[in-house]
Amino acid sequence: MTPVAIVTGASSGIGAATARRLAAEGFHVLAAARRAERLADLVAEITAAGGQATAVTCDITSDESVAGLAEAAAQAPGPVTLLVNNAGGARGLDPVESGSVADWQWMYDVNVLGTLRVTQALLPALEASGSGTIVVVSSTAGLTVYEGGGGYTAAKHAQTAIAGTLRLELCGRPLRVIEIDPGMVKTDEFGLVRFEGDAERAAAVYAGVPGPLVAEDVADCIAWCATRPEHVNIDRLVVRPRAQAAQHKVHRV
Ligand SMILES: NC(=O)c1ccc[n+]([C@@H]2O[C@H](COP(=O)([O-])OP(=O)(O)OC[C@H]3O[C@@H](n4cnc5c(N)ncnc54)[C@H](OP(=O)(O)O)[C@@H]3O)[C@@H](O)[C@H]2O)c1
């Protein structure tokens with residue numbers, strides 16, 4: 001039977017690239033996000049390329065909506081072996097002193113509680129498959145802090161904490177937990193969401209950087225980790241562009 005992979009935040013960027021890649025690896029992909037039209041286009045593209053995918057409109061900040069995702073997983077045509085918690089993002093680049101509480105709330109809701117909610121809902125199906133994999137797409141912002149990044153780094157540190165805690169708690173059961181921590185990835189929407197649609201500010205993040213990561217690079221890492229033999233748990237994979245030695249050390253030309 002075709003194994004089923006669930007990818008949240010599949011309507012753009014890393015999630016869309018991961019959905020394409022996992023479909024090419026032979027998974028039936030449940031592509032989840034809020035924007036149904038985008039998901040429909042993605043599913044059409046995957047299907048045209050010979051893969052299998054189903055769109056599931058889902059808001060990971062809603063219990064009811066996530067219950068719908070679990071229901072879709074139960075109806076899927078095979079065992080649910082992989083969950084990629086990818087949906088998330090940043091809002092704002094303000095200092096802690098003046099950061100917006102609403103922005104911090106949004107970042108916590110989506111990155112942290114969204115991951116918690118979806119993981120809780122899908123764990124029974126993942127375990128029932130006999131060999132389940134949970135991927136958490138955190139960030140290098142989950143490992144270190146930087147000025148202006150207080151709200152995002154706090155949320156990503158919390159996501160990283162979920163991955164580590166879950167691995168301890170699930171030890172002895174047929175489940176593995178993998179954390180992916182990308183550095184700078186040039187995706188179309190991440191910066192736009194962070195800077196409220198300000199395209200110039202979003203583009204400035206990548207200005208002059210020779211070879212930032214692209215979504216497909218991260219999808220490649222996720223697919224590699226998820227397709228290792230089932231006894232192999234890649235705990236954490238940190239991936240940055242060569243031009244970014246650290247959060248504060250970026251080579252620009
Ligand atoms: N780009 C980077 O530099 C970078 C670096 C490290 C880590 N990351 C992490 O990688 C992940 C993907 O980032 P990206 O660059 O691909 O960003 P992106 O293109 O903005 O994608 C974010 C995805 O999350 C979905 N999403 C947002 N809120 C949601 C909600 N309430 N319910 C369901 N889905 C929701 C969005 O879909 P809808 O709007 O359709 O719901 C979208 O598909 C994020 O967790 C991000 O923090 C990114």
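What's counted below: heavy atoms across the whole structure, side chains too, no hydrogens, waters or symmetry copies.
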### Query
Is there a path of hydrophobic side-chain contacts, each under 4.5 Å between heavy atoms of I, L, V, M, F, W or Y residues, that connects M107 with L93?
yes
### Query
Can you name the ring pair (Phe, Tyr, Trp, His ring centres under 6.0 Å) partners of F190, sequence neighbours left out?
Y152
### No-hydrogen, no-angle side-chain donor-acceptor test under 3.5 Å, T119 and N85
yes
### Query
Do V7 and L30 sit in the same hydrophobic cluster, where Ile, Leu, Val, Met, Phe, Trp and Tyr count as joined when their side-chain heavy atoms come under 4.5 Å apart?
no
### Query
How many angstroms lie between CG in D109 and CG in D59, if you round to the nearest 0.5 Å?
9.5 Å
### Query
What is the distance from atom SG of C225 to atom CG of D220, rounded to the nearest 0.5 Å?
9.5 Å
### T144 side-chain N/O to A141 backbone N/O, donor-acceptor pair under 3.5 Å
no
### Summary
The side chain to side chain contact (heavy atoms under 4.5 Å, CB included) partner of V185 among V239, D217, L213 is L213
### Query
Out of L123, V66, V84, N86, which one pairs with V118 under the side chain to side chain contact (heavy atoms under 4.5 Å, CB included) rule?
V66
## Note on the structure
dist Q105:CD -> L113:CG (nearest 0.5 Å) comes out at 8.5 Å
### Query
If you round to the nearest 0.5 Å, how far is CD of E127 from OG1 of T81?
14.0 Å
#### Entry: Contact check, side chains of H157 and V145, non-hydrogen atoms, under 4.5 Å
yes
### Task
Sequence neighbours left out, what passes side-chain contact (heavy atoms from CB on, under 4.5 Å) with T57? Give chain and number order.
A36
### Query
Counting distance only, does the side-chain N/O of K186 pair as donor-acceptor with the main-chain N or O of V205 below 3.5 Å?
no
### Message
Whether the side chain of R252 engages the backbone of A207 through a donor-acceptor N/O pair (distance < 3.5 Å, no angle test) should be reported.
### Response
yes
### Task
Measure the CG-CZ distance between L170 and R173 for me, rounded to the nearest 0.5 Å.
5.5 Å
### Query
Any idea which heavy atoms bring P241 and P212 closest together, and the distance?
CB-CA, 3.9 Å
### Message
A side-chain contact here means heavy atoms from C-beta on lying under 4.5 Å apart; do I234 and R228 qualify?
### Response
yes
### Query
Cluster question for you: counting only ILVMFWY and a side-chain heavy-atom cut-off of under 4.5 Å, with indirect links fine, are L166 and L122 together?
yes
### Task
Report yes if the side chains of I134 and I178 come closer than 4.5 Å at any heavy-atom pair, otherwise no.
no
### Query
Would you say R34 and C58 make side-chain contact, with heavy atoms under 4.5 Å?
no
### Message
Checking Q52 against V29 for the side-chain contact (heavy atoms from CB on, under 4.5 Å) test, could you report, in this order, the C-alpha distance in whole Å, the side-chain angles of both residues, the deciding distance, and whether it holds?
### Response
CA-CA 6 Å; Q52 295 180 39; V29 176; over 6 Å; no
### Summary
Correct closest heavy-atom pair for I6 and A73 would be CD1-CB, 3.9 Å
### Message
Can you tell whether the side chains of E216 and R21 come within less than 4.0 Å, N to carboxylate O?
### Response
no
### Partners meeting salt bridge (charged side-chain N to carboxylate O under 4.0 Å, His left out) with R194 (sequence neighbours left out)
none
### Query
Checking D181 side chain against S139 main chain: does a donor-acceptor pair fall under 3.5 Å?
yes
### Query
Any side-chain donor paired with an acceptor under 3.5 Å for T140 and Q247?
yes
### 4.5 Å side-chain heavy-atom contact, R167 and L175
no
#### Entry: Crowding at CD, E189 (>12 non-hydrogen neighbours, <6.0 Å)
yes
### Message
As an exercise, state the distance from CD1 of I60 to OG of S65, rounded to the nearest 0.5 Å.
### Response
9.5 Å
### Task
For F27, enumerate each residue passing the ring pair (Phe, Tyr, Trp, His ring centres under 6.0 Å) test, keeping only those at least two apart in sequence or located in another chain.
none
### Query
Looking only at heavy atoms, which two atoms of P174 and G130 are closest? And how far apart?
CB-O, 3.1 Å
### Task
Give a yes or no on this: more than 12 heavy atoms of other residues, nucleotides or ligands lie within 6.0 Å of atom CZ of R242.
no
#### Entry: Step-by-step side-chain contact (heavy atoms from CB on, under 4.5 Å) determination, E37 to S11
CA-CA 9 Å; E37 248 179 59; S11 61; over 6 Å; no
### Message
Please say yes or no: joined through hydrophobic side-chain contacts below 4.5 Å, possibly via intermediate residues, are Y146 and Y206 part of one cluster?
### Response
yes
### Exercise: do S138 and E179 side chains pair donor with acceptor under 3.5 Å
no
### Query
How far apart are the C-alpha atoms of L126 and T133, what are their side-chain angles, what is the distance that settles it, and do they pass the side-chain contact (heavy atoms from CB on, under 4.5 Å) test?
CA-CA 7 Å; L126 287 159; T133 299; over 6 Å; no
#### Entry: A53 versus V43, closest heavy-atom pair with distance
O-CG1, 3.4 Å
### Message
Going by salt bridge (charged side-chain N to carboxylate O under 4.0 Å, His left out), name the residues that satisfy it together with E230, two or more places apart in sequence or in a different chain.
### Response
none
### Message
Strictly distance-based, threshold 3.5 Å: is any side-chain N or O of R176 a donor or acceptor partner for the main-chain N or O of A226?
### Response
yes
### Query
Above 12 or not: heavy atoms from other molecules or residues under 6.0 Å from CG of D41?
yes
### Residue pair V137 / I222, side-chain heavy-atom distance below 4.5 Å
yes
### Over 12 non-hydrogen atoms of neighbours within 6.0 angstrom of OH in Y108
no
### Query
Is any side-chain heavy atom of M184 less than 4.5 Å from a side-chain heavy atom of V250?
yes
### Summary
Across all chains, not counting sequence neighbours, the side chain to side chain donor-acceptor pair (under 3.5 Å) partners of D103 are none
### Query
Quick one: does R236's side chain get under 4.5 Å of V238's, heavy atoms only?
yes
### Message
For L69 versus A32, what's the shortest heavy-atom pair and its separation?
### Response
CD1-CB, 4.0 Å
### Query
Which atom pair, heavy atoms only, marks the closest approach of A72 to V56?
CB-CG2, 3.9 Å
